[in-house]
Amino acid sequence: MAESMSVNGPSKAGFVKLQLRTAYGIVYRDVSMNPPREAQPAEIPLIDFSKINGNLEQRQELALQIKQAAETLGFFYAANHGISEQVIQAARQAAQSFFEQSGENKMKVSKLKSDFFNGYHSKGTSKASPNEGIDYREAFMWQYDPVYDPDEKDLNAIPADVKPWLRGEDFYWHGTRHVPNFKNACIKYWQECLKLCRKLVRIFALALDLPEDYFDPLTTFPGADGVLNYYPAMTPEQAAASDDIGIGSHTDLQICTLLWQDMIGGLQVLTPEGQWIKASPIEGTFVVNIGDYLMRLTNDGWKSTVHRVFNRSTVDRYSMPLSAPSLTSNYHIRYHEASIMFLSSYTCGFDSSTLATSAENKLVKTPHIDTNVVSTLQLTDADLDFLESCGKEKHSTYELPSSNSSKLVSVFPPNGQKSLKKQKTFFRNAQPERGAIYENTRGRLPLQKPPRQPNQSPRTAEELEEQLKQINLETKQFWDRLMDSNPAKVLSPTREEVERPDYDASRMAWNGFALQNGGKEALCAKPYTYPQPSKEKETLFTAPAPTTNKRPDHRLLGEYGWTLETTNNNHCTTGSKRGYTNGSNQARHAKASFMPPSNLSRMHYEVERNKEGSRFDEW
Ligand SMILES: O=C(O)CCC(=O)C(=O)O
Ligand SMILES: [Fe+2]
């Protein structure tokens, strides 16, 4: 969630539009064309963290400083953070040893083997911002695993509702055993960062006038993503010619990020005025920034600010962020996932095909510090009974998503995959009747357009018409973006078709986008289910599975949130859910999920190959 968003009008002189993927879809920011300048200390202050271990008065002093910084840009430097240089340098060395390996070796722990985006992310496979270059960065990522939690956990007593959300995996540790001290150094660094984060969250609680231990029960099994970032050096010629970016403009998702960066520089932060400022390295410090989730919890009082790495360095750069902690996984991850599904291929840690099934309704419980909700939903007894039957608290305040509030989040404790359907039904049914609108927009500028509600069947002919109009518009916009990305790859609809004034996506013979995929094959899908009154089922349609794993297609698809899922894993190059088929004719059946970045809709597709009656034949 970007902290301020301008409407999608023309930019004023001296400014250009920056597109950001957010939980609300694409939003635009006007960004000054002035070159980045150094940050002022008041913008990104240097804070002495030694007080984190001090007495209450000292912790309160620290809390006050952090609060100020959090309310300003949400970025600060942490000095005297207590993590030993030896631990940091060991991790830094481990990163170098890992990235120095051959591509082939690194691919042995490729994220394609992961169910959750863990492992190695090769260069050029992500593009955080749609209108910046490709991310010129390699990364290695791992997620929270209670086995390594520095607060020791009884592995036999992990609550059942937490288990499905644990996303540590073993393959990336197995596949890096030959890299000297790799796992050990990574885990040690991660543990130290997590310990510091847990302390920091207590300071956050103090700063929010909450009991210091307020969040403690919620950080027992936190999301805590360890990442090693490697920004390879460019030659001077490459640097001069490059359109790439280190990591495109984005906000982080969780409570906060603790970032160690080396002394090369490149991290930039976007001020509310649209000026890039440099968060230049300061020896011995971490950069800490507030994430979307904490921004949400504080009703936007604390800022999750857009940042990026702009790197044309002729020397390698390394950084090591820990994005953490989220609240207890079962509460937090839903939110995290809901956000990430719109970040598409950005490597924040979730595989979008998992999201397709788990983040459908973006439900999260808002802790009660959410005091600025000006109207709350009074649930009926029947609703409360329903909640209770799902094992939920009966007397909480619930927000429902509203169609014209800028708030995304609905409030409802998730109840695992099983009850997802129930929850969906609940919200579908609940929403129109109650029409709960939350004017909870403090600190947030209006969005370019209200977020569309996902999977909501229209109730009336007017609603249907309205939805179709919106879909036509968004379809055209989506088509434009595909074309911008790589015209040769969009086979259908044609430019003439979408530019017709009476263009109606829902009436096209083939309601999809056909993308050339590796020569003669095409992947066709449509970005929306066209709404039918009182028909809630998504439309399925068929198309041949793509049979290539060529990188350009991967990028194109990844960027727009396509995922493919073969049901015939034997014939899938990656063997993973997000894999591409390997060109074998035997990969007969594939499933694809599609999440257009600009709206709140999510689709599943059946993509079938060589199957009689395939609608691909019609096309
Ligand atoms: O490498 C950096 O300095 C920043 C990385 C970053 O923003 C991220 O991983 O979210
Ligand atoms: Fe970041």
Side-chain angles (χ1 to χ4, degrees), residues 1-3 18 20-23 36 39 44 73-78 88 91-92 95-96 99 111 117-118 120-121 123 125-129 132 135-143 186 189-190 193 197 223-233 244-270 276-283 285-295 303-313 315-326 336 339-340 343-350:
M1 260 166 288
E3 72 282 8
L18 173 67
L20 295 166
R21 294 193 169 107
T22 78
I44 308 186
L73 277 181
F75 265 80
F76 48 93
Y77 294 95
I88 294 171
R92 155 72 179 76
Q96 183 169 348
F99 290 116
K111 64 177 180 178
F117 255 27
N118 289 316
Y120 173 61
H121 298 222
K123 197 167 62 188
T125 52
S126 69
K127 191 172 193 276
S129 162
E132 291 173 323
D135 293 347
Y136 194 80
R137 174 186 73 126
E138 295 179 38
F140 176 87
M141 163 157 175
W142 69 100
Q143 289 182 69
C186 289
Y189 174 75
W190 176 87
C193 288
C197 265
D225 311 339
V227 183
L228 306 174
N229 282 322
Y230 167 52
Y231 303 87
D244 293 337
I245 186 131
I247 196 172
S249 303
H250 67 281
T251 53
D252 293 348
L253 295 167
Q254 303 204 3
I255 294 269
C256 64
T257 299
L258 217 60
L259 175 91
W260 179 88
Q261 57 171 334
D262 66 15
M263 294 303 287
I264 304 302
L267 178 61
Q268 299 178 354
V269 177
L270 191 62
W276 285 113
I277 58 175
K278 296 182 193 172
S280 294
I282 301 180
E283 194 111 42
T285 66
F286 275 79
V287 174
V288 182
N289 62 289
I290 304 300
D292 291 350
Y293 190 59
L294 190 49
M295 178 160 162
K303 307 298 179 204
S304 173
T305 293
V306 175
H307 57 282
R308 67 178 186 179
V309 172
F310 188 88
N311 190 16
R312 294 280 182 278
S313 174
V315 187
D316 289 340
R317 175 178 189 266
Y318 290 88
S319 74
M320 304 188 292
L322 176 89
S323 250
S326 52
H336 187 155
S339 313
I340 190 75
L343 291 177
S344 189
S345 69
Y346 176 53
T347 89
C348 291
F350 290 96

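Indexing begins at 1, ligand by ligand and atom by atom, following the structure's order. The first residue of the sequence shown is numbered 1, and numbering continues consecutively from there.
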Please calculate the NE2(H250)-the Fe ion (ligand 2)-NE2(H307) angle and round it to 10 degrees. 90°
Polar-atom distance check: R137 versus ligand 1, any N or O pair below 3.5 Å? no
Region of R317 engaging ligand 1 - heavy atom pairs below 4.0 Å: side chain
Sequence-distant partners of Y120, side-chain hydrogen bond (donor to acceptor under 3.5 Å, both in side chains), two or more places apart: E138
Only heavy atoms of H307, strictly under 4.0 Å: list the atoms of ligand 1 that pass. 7 (O)
Out of V309, N229, I264, indicate the one that has the non-hydrogen atom closest to atom 9 (O) of ligand 1. N229
Is there a heavy atom in R308 that sits closer than 4.0 Å to ligand 1? no
With Y318 as partner, the option from D262, L228, I264 fulfilling side-chain contact (heavy atoms from CB on, under 4.5 Å) is D262
Is the backbone N or O of Q143 less than 3.5 Å from a side-chain atom of D225, with the two atoms forming a donor-acceptor pair by type? no
Sub-3.5 Å donor-acceptor pair from the side chain of Y189 to the main-chain atoms of M320, do we have one? yes
Is the closest N or O pair between Q261 and ligand 1 shorter than 3.5 Å? no
Partners meeting ring pair (Phe, Tyr, Trp, His ring centres under 6.0 Å) with F310 (sequence neighbours left out): none
Under 4.0 Å from any heavy atom of P321, which atoms of ligand 1 are there? 9 (O)
With no hydrogens and no angle check, is any side-chain donor or acceptor of W190 less than 3.5 Å from a backbone partner on A224? yes
Would you mind telling me if ligand 1 is within reach of the side chain of L259, the backbone, both or neither, using heavy atoms under 4.0 Å? side chain
Would the distance check show the side chain of S313 and the main-chain N or O of V315 forming a donor-acceptor pair, the cut-off being under 3.5 Å? yes
